[in-house]
There are 2 protein chains.
Amino acid sequence: MQEQIQKILKHNQLSVTGGRTKILELFLAQDDALAHADIERKTGEKFDRVTVYRTLQTFLEKGIIHSIPTSDNSVKYALCKDNCSEGHHHDHHVHFMCSVCGKTLCIDEVSVPVVNLPAGYKVEQIQMIVTGVCKDCA
Amino acid sequence: MQEQIQKILKHNQLSVTGGRTKILELFLAQDDALAHADIERKTGEKFDRVTVYRTLQTFLEKGIIHSIPTSDNSVKYALCKDNCSEGHHHDHHVHFMCSVCGKTLCIDEVSVPVVNLPAGYKVEQIQMIVTGVCKDCA
DNA sequence: AAAAACTTGCAACTCAGTTGCAAGTTTTTT
DNA sequence: AAAAAACTTGCAACTGAGTTGCAAGTTTTT
């Protein structure tokens with residue numbers, strides 16, 4: 001695990017520091033998306049708020065994580081899986097928010113269906129946010 | 001126009017006041033979604049910030065407008081069109097954000113395509129956010 | 001091992017959004 | 001049509017998320 005983390009950081013030309021390692025570890029150990037507050041809680045307040053913000057920002061810029069627009073307009077982050085590392089498949093995502101447990105999941109298995117927009121619209125990116133009840137809460 | 005506005009407000013058991021009338025008027029005259037800041041600007045700062053917040057909140061609760069989760073995690077609001085007034089078709093929406101002019105449009109013409117989620121997921125609501133270039137900017 | 005480059009924590013700040021309350025409006029009642 | 005009741009508004013003060021500059025601390029490079 002630690003090795004994998006180092007590899008990811010170095011690969012993105014980032015110094016390997018305590019904060020980055022810890023936060024990346026969290027994402028790797030987690031199957032659902034994390035909000036800033038979740039991260040602060042889970043790191044046991046070992047790092048400054050500002051460091052968490054800056055780390056998330058850096059990871060975003062490097063494409064290590066992506067942000068998810070949720071239907072309640074809060075911000076969540078999730079790891080970009082394998083398929084993201086090569087080329088950019090960021091552009092079409094399905095996310096699922098469970099209204100029972102509150103988890104936000106990145107559904108990589110499913111591809112975004114085609115939408116037929118009225119003539120003249122050029123599509124660059126599609127985000128689909130599905131709200132409902134997840135597998136575990138059903 | 002003023003008549004239509006009164007009708008909408010009364011229908012939702014809201015007193016007809018200057019602020020509500022003005023803000024509803026803005027939405028009716030607008031084809032794209034508005035952020036809080038847009039409304040403050042367009043009303044010419046005639047109303048207190050707080051009043052705008054409260055009015056938007058009230059309209060949301062009554063289902064007169066709906067909020068749109070944008071891919072940059074800001075909040076926008078748009079009128080619920082005719083089809084919304086009867087029953088609740090709020091649940092499946094396609095929104096389009098133009099990366100050139102910045103407009104956010106509610107694409108009512110198009111219905112949200114079916115997604116095949118892995119077994120066990122129960123879908124309640126689907127929001128689709130398409131980013132790209134709109135008709136007018138193409 | 002020292003120098004250069006980068007990261008962190010702190011303090012101070014900004015900005016969106018919220019709350020309580022008194023004054024002002026709208027609606028209901030008589 | 002006037003008075004009472006119910007609701008809405010603006011103000012001031014607050015909260016909480018997110019940002020910035022900077023000095024001290026780490027990591028990386030040489």
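A, B, ... follow the sequence lines: proteins, then strands. Residue 1 opens every chain.
The distance between atom CD of Glu40(B) and atom P of dC15(C), rounded to the nearest whole Å, is 13 Å. At whole-Å resolution of the value, CG in Leu56(A) and P in dT8(C) are 12 Å apart. At whole-Å resolution of the value, NZ in Lys76(B) and P in dG17(C) are 13 Å apart. Note: NZ (Lys46(A)) to P (dT7(C)) measures 19 Å, nearest angstrom. Between the P atom of dC11(D) and the OH atom of Tyr53(B) lies a distance of 16 Å, rounded to the nearest Å. When the P atom of dT8(D) is taken as reference, atom CG of Asn12(B) falls 12 Å away, rounded to whole Å.
Of all nucleotides present, only dT28(C) satisfies the Watson-Crick or G-U wobble test against dA3(D), with each distance under 3.5 Å. Under the Watson-Crick or G-U wobble criterion, with both distances below 3.5 Å, dA23(D) is paired with dT8(C).
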Hey, what are the protein-to-nucleotides 20-27 of chain D N/O distances that come in under 3.5 Å?
none

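When atom types are taken as modelled, the side chain of Ser67(A) and the backbone of Tyr77(A) share no donor-acceptor pair closer than 3.5 angstrom. The backbone N or O of Ser15(B) lies less than 3.5 Å from a partner atom in the side chain of Arg20(B), making a donor-acceptor pair. For the pair Asn12(A) (side chain) and Leu14(A) (backbone), a donor-acceptor distance under 3.5 Å is absent.
With Ile39(B) as the partner, the side-chain contact (heavy atoms from CB on, under 4.5 Å) test is satisfied by one option alone out of Tyr53(B), Phe27(B), Phe47(B): Phe27(B).
Counting only N and O atoms by type, the side chains of Glu25(A) and Gln2(A) include a donor and acceptor under 3.5 Å apart.
For the pair Arg20(B) and dT8(D), the criterion of a side-chain N or O lying under 4.0 Å from OP1 or OP2 is met.
Between the base of dG17(C) and the side chain of Arg49(B) there is a donor-acceptor pair shorter than 3.5 Å.
At least one side-chain heavy atom of Ser99(B) sits less than 4.5 Å from a side-chain heavy atom of Val133(B). Side-chain contact between Ile107(A) and Met128(A): absent, with no pair of heavy atoms (C-beta onward) separated by less than 4.5 Å.
For Phe47(A) and Leu14(B), each mapped to the nucleotide of DNA chain C holding its nearest heavy atom, the one lying further toward the 5' end belongs to Phe47(A).
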